[in-house]
Each structure stands twice: as structure tokens, then as C-alpha cells.
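Position 1 is the first residue of the sequence, and the numbers go up from there. Everything numeric in this text was worked out from a predicted model, so none of it was measured.
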Amino acid sequence: MMSETISENQCFGGTQGVYSHAFPATGTDMTFAVYVPPHKAGEKLPVVWYLSGLTCTHANVMEKGEYRAACAEHGLIFVAPDTSPRGEQVPDDPEEAYDFGLGAGFYVDATAAPFDKHYKMRSYLEAELPDIIAENFPADMSRQGIMGHSMGGHGALTMALRNPGRFKSTSAFAPIVSPLNCPWGHKALGGYLGDDRESWRGYDACALIEDGARLPDLLVDQGLADNFLEEQLKTHLLEQACEKTGQKTTIRMQPDYDHSYYFISTFMAEHLAWHAKRLG
């Protein structure tokens with residue numbers, strides 16, 4: 001159950017809310033944002049999940065993502081969770097780096113100490129939070145889409161690939177497509193899961209596709225001026241995996257766009273229209 005309504009504001013005829021609840025698996029309170037568009041009494045609406053990137057909370061996309069007008073137009077509930085557990089008791093990167101620990105949960109269930117006690121973002125998003133959304137909002141959970149940015153793009157792709165049939169639409173902005181093959185991934189998966197690289201495959205979109213997982217369709221936008229493209233994001237690996245296996249995919253390389261929310265906000269409405277078409 002939700003323990004607290006932090007805020008609710010009217011916007012484009014709907015309600016933008018921020019809420020929190022206790023999550024036993026992390027031992028912390030978790031905060032998330034939900035936009036509910038205008039709708040008729042008793043109507044159930046499709047849900048689009050948005051997973052944020054490194055250093056972000058639920059608030060970044062709320063303030064910069066420019067999604068509410070499109071959600072109101074298409075009748076989409078928009079859910080934006082946090083990127084990690086929070087609290088003084090939650091371990092962080094010992095060097096206080098931005099790419100591990102608080103704000104960088106990588107949407108995994110950690111198995112390596114000391115992170116295994118609190119970092120259970122996979123369980124939170126695949127089991128706990130969907131039940132809360134279904135119980136407290138006018139959500140049609142048979143019509144779900146998922147999207148994300150950077151680390152959140154990695155989360156969106158891997159969650160959809162691991163849960164066949166749950167998500168009718170999947171898209172991403174500048175996703176980390178193969179943590180097995182980039183420094184961010186090596187640090188995160190090694191720190192959260194340990195050295196057994198075979199256990200990392202369930203958190204690598206390219207590996208999951210190579211191992212037989214499939215999506216109904218996939219849309220990816222990637223900026224060509226993104227300074228993380230070559231070393232960390234490696235979009236070409238996703239292109240190769242999809243081409244090799246026949247996974248239906250549209251990958252759009254966008255000239256002059258970087259990794260920022262200026263890029264995301266430019267194409268957000270297109271992504272939401274794409275999701276709406278597939279969610280019915």
C-alpha cells in the first residue's frame with residue numbers, strides 16, 4: 001500500500017502525483033511519480049513505464065521530459081520510479097562516483113555484499129510496484145509499455161526481454177545495450193553480482209536477444225553527438241544482435257543530438273504516440 005502522497009498537481013486536465021511506500025525487499029521507502037491523464041469515471045488506461053538514467057530520480061523526467069501533453073492526448077498513464085533505494089543505511093560507492101550505488105541501481109537484484117541487502121530494483125519493478133499501480137490507479141495492466149534513457153534504457157530493454165508478453169511496446173533513448181561490453185556495465189554488474197559473468201547475461205539486452213528472447217517491436221533513438229556512444233552505449237551491438245536474430249527493430253541515429261534531456265524531450269511525444277498505437 002502507498003504510505004504517503006507527497007504531492008498532486010493538475011496538468012493538461014490530468015493529475016501529476018508523487019508518492020512513496022515502504023518496500024520490504026530494500027528495507028527503505030521508495031518514491032515514484034505517476035501522471036494520470038483525464039479520463040471517464042471507471043475507465044481503465046494503458047500504462048507506460050519510464051526508467052531513468054544514472055544520477056536521476058523520478059523528478060528528472062517530471063521536470064524535463066515533456067511527456068504530459070502527449071499522455072493526455074493519447075490517454076496514457078505514465079509511471080516514473082526512482083533509480084535506486086535511498087537512505088543513510090543504503091551502501092554507496094566508496095569513492096562516491098556517480099556510476100555506482102545511490103542513483104545507479106542498474107535495475108538489478110544484487111547478490112554481492114553489502115549491496116544484496118538493499119539493491120533489489122528488479123524485484124521492485126517486476127513485482128512490487130506493478131501491484132501498487134494496479135491497486136491505486138485506473139491502470140489496465142494488460143496494456144503496458146516500457147521505455148527508458150541510458151541506464152534506464154538498459155533497464156527497459158532487459159525487463160521487457162525477461163518478461164515475454166508483459167509489455168506490448170518497448171522503446172529507449174540512448175540505452176546501454178550491452179553491460180557485458182562497456183565500463184559502466186563492468187563496474188555495475190561486477191559490483192552488484194560478483195565476478196561470474198554468466199550471471200550478468202540476464203541484465204544484458206544483446207545477450208538476452210542472442211539467447212532467444214524477443215520483443216514484438218522495438219524503437220530506439222540515439223544521438224550521434226552523444227559523448228557516451230562509442231565507449232558506453234555501443235548501439236551498433238544492438239543493431240548487430242537484432243539483425244542476426246531477426247528481432248524487429250527501428251534504430252534511429254539522430255544527427256547533432258547529445259545524451260541530455262534536450263534530446264529526450266525532442267522525441268518523447270513521438271515515442272509516446274508509438275506506444276499508444278501498440279497499446280490500443
Side-chain angles (χ1 to χ4, degrees), residues 49-54 83 99-100 104-112 119-123 125-127 144-224 226 228-254 259 271 274-275 278:
W49 297 81
Y50 178 87
L51 305 187
S52 295
L54 289 166
T83 52
D99 56 357
F100 189 81
F106 266 80
Y107 305 102
V108 308
D109 274 358
T111 56
Y119 284 80
K120 301 293 183 183
M121 294 302 293
R122 174 177 177 175
S123 293
L125 291 173
E126 291 186 352
Q144 296 185 74
I146 191 167
M147 63 195 305
H149 169 234
S150 193
M151 178 186 72
H154 139 78
L157 294 177
T158 55
M159 279 184 59
L161 287 162
R162 285 196 307 265
N163 293 275
R166 176 179 292 192
F167 301 101
K168 296 184 181 300
S169 55
T170 304
S171 75
F173 302 102
I176 303 170
V177 304
S178 185
L180 279 161
N181 292 290
C182 73
W184 279 342
H186 291 173
K187 181 175 182 178
L189 299 187
Y192 292 131
L193 305 177
D195 295 332
D196 179 11
R197 290 175 62 91
E198 191 62 28
S199 70
W200 298 10
R201 293 187 69 83
Y203 297 107
D204 185 295
C206 292
L208 286 165
I209 291 170
E210 291 166 359
D211 291 345
R214 294 291 182 270
L215 300 172
D217 202 353
L218 175 60
L219 172 64
V220 173
D221 274 312
Q222 172 63 59
L224 286 173
D226 189 326
F228 298 117
L229 175 56
E230 296 301 323
E231 183 179 24
Q232 304 285 9
L233 307 177
K234 297 181 181 288
T235 308
H236 69 282
L237 295 180
L238 180 63
E239 290 180 305
Q240 291 171 4
C242 292
E243 182 177 355
K244 180 179 179 181
T245 60
Q247 167 63 56
K248 185 179 179 182
T249 309
T250 300
I251 298 177
R252 307 190 303 188
M253 305 302 290
Q254 303 289 1
H259 201 68
H271 277 239
W274 186 88
H275 282 273
R278 285 153 181 80

- Does the pair Tyr119 and Tyr192 meet the rule for a ring pair (Phe, Tyr, Trp, His ring centres under 6.0 Å), with working shown? CA-CA 8 Å; Tyr119 284 80; Tyr192 292 131; 5.2 Å; yes
Interatomic spacing from [atom1] in [X] to [atom2] in [Y] - rounded to 0.5 Å:
X: Leu224; Y: Arg252; atom1: CG; atom2: CZ; answer: 12.5 Å
X: Leu237; Y: Leu180; atom1: CG; atom2: CG; answer: 10.5 Å
X: Met147; Y: Trp274; atom1: CE; atom2: CH2; answer: 9.5 Å
X: Asn163; Y: Leu215; atom1: CG; atom2: CG; answer: 10.5 Å
X: Leu161; Y: Gln247; atom1: CG; atom2: CD; answer: 7.0 Å
X: His154; Y: Gln232; atom1: NE2; atom2: CD; answer: 12.5 Å

- Item | Residues forming a side chain to side chain contact (heavy atoms under 4.5 Å, CB included) with Ala174, sequence neighbours excluded | His149, Gln222, Asp226, Leu233, His259, Phe263
- Query: Short question: side chain of Trp200, backbone of Gly194 - any donor-acceptor pair under 3.5 Å?
  - Reply: yes
- Give a yes or no on whether the backbone of Glu126 and the side-chain of Arg166 come within a donor-acceptor separation of less than 3.5 Å.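 The answer is yes, because a donor-acceptor pair under 3.5 Å joins these two groups.
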- Query: Can you name the residues that form a salt bridge (charged side-chain N to carboxylate O under 4.0 Å, His left out) with Arg201, not counting sequence neighbours?
  - Reply: Glu210, Asp211
- Query: Which residues satisfy the salt bridge (charged side-chain N to carboxylate O under 4.0 Å, His left out) test with Lys187, sequence neighbours excluded?
  - Reply: Asp93, Asp99
- Message: Around atom NZ of Lys234, are there more than 12 heavy atoms from other residues, nucleotides or ligands closer than 6.0 Å?
- Response: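 Yes.
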